[in-house]
Amino acid sequence: MPKKKISKRPVKFLNAKPLAQKYNPGDDVSILGLREAITESLFEADYDTFKGCIAILLEKCDYREITKMTGLSKSTLYRMCEPTSNPTLENIGKILSFINSLEHSKAA
């Protein structure tokens, strides 16, 4: 009895989740709003929003300034934005202190 041929194409499901679109922050994103979004996403355990906010922060600010003030490497910062990442509490604290220092320097 001959074997049946099986299609190796991936099956597309009708109820599949749509892929997220890349967000361009532009000039309308404030540091204060970004800080509030990050803290709110952490309190609500919304890790996807947190990672998106970190990505917006990296696009809005120069990564060299972030690495200099936080002590985190460029690869660590960009790895924090990946969907499968699990950033440590220490790294999250460094990012939040960086945002707080930015807010204070803009106010002065």
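All values below come from the heavy atoms of this structure, side chains included, with hydrogens, waters and symmetry mates left out.
- Atoms OG1 and CZ, from Thr70 and Phe98 in turn, are 7.5 Å apart once rounded to the nearest 0.5 Å.
- Atoms CE and CG, on Met80 and Leu72 in that order, are 7.0 Å from each other to the nearest 0.5 Å.
- Note that CG of Leu34 and CD1 of Ile56 are 6.0 Å apart. Values are rounded to the nearest 0.5 Å.
- Using a 4.5 Å heavy-atom cutoff, the side chains of Thr76 and Thr67 are not in contact.
- The environment of OH in Tyr47 is sparse: at most 12 heavy-atom neighbours from other residues, nucleotides or ligands sit within 6.0 Å.
- Counting heavy atoms from C-beta on, the side chains of Ile92 and Phe50 come closer than 4.5 Å.
- In this structure, CD1 on Ile95 lies 11.5 Å from SG on Cys53, to the nearest 0.5 angstrom.
- With rounding to the nearest 0.5 Å, the separation of CG in Leu89 from NZ in Lys94 is 11.5 Å.
- With rounding to the nearest 0.5 angstrom, the CG atom of Asn91 is 11.0 Å from the CG atom of Leu96.
- With hydrogens and angles disregarded, a donor-acceptor distance shorter than 3.5 Å links the side chain of Lys51 to the backbone of Ser85.
- Within 6.0 Å of atom CG in Asn86, 12 or fewer heavy atoms from other residues, nucleotides or ligands are found, so the atom counts as exposed in its surroundings.
- In this structure, Leu77 and Ile54 approach most closely via the heavy-atom pair O-CG2, 4.3 Å.
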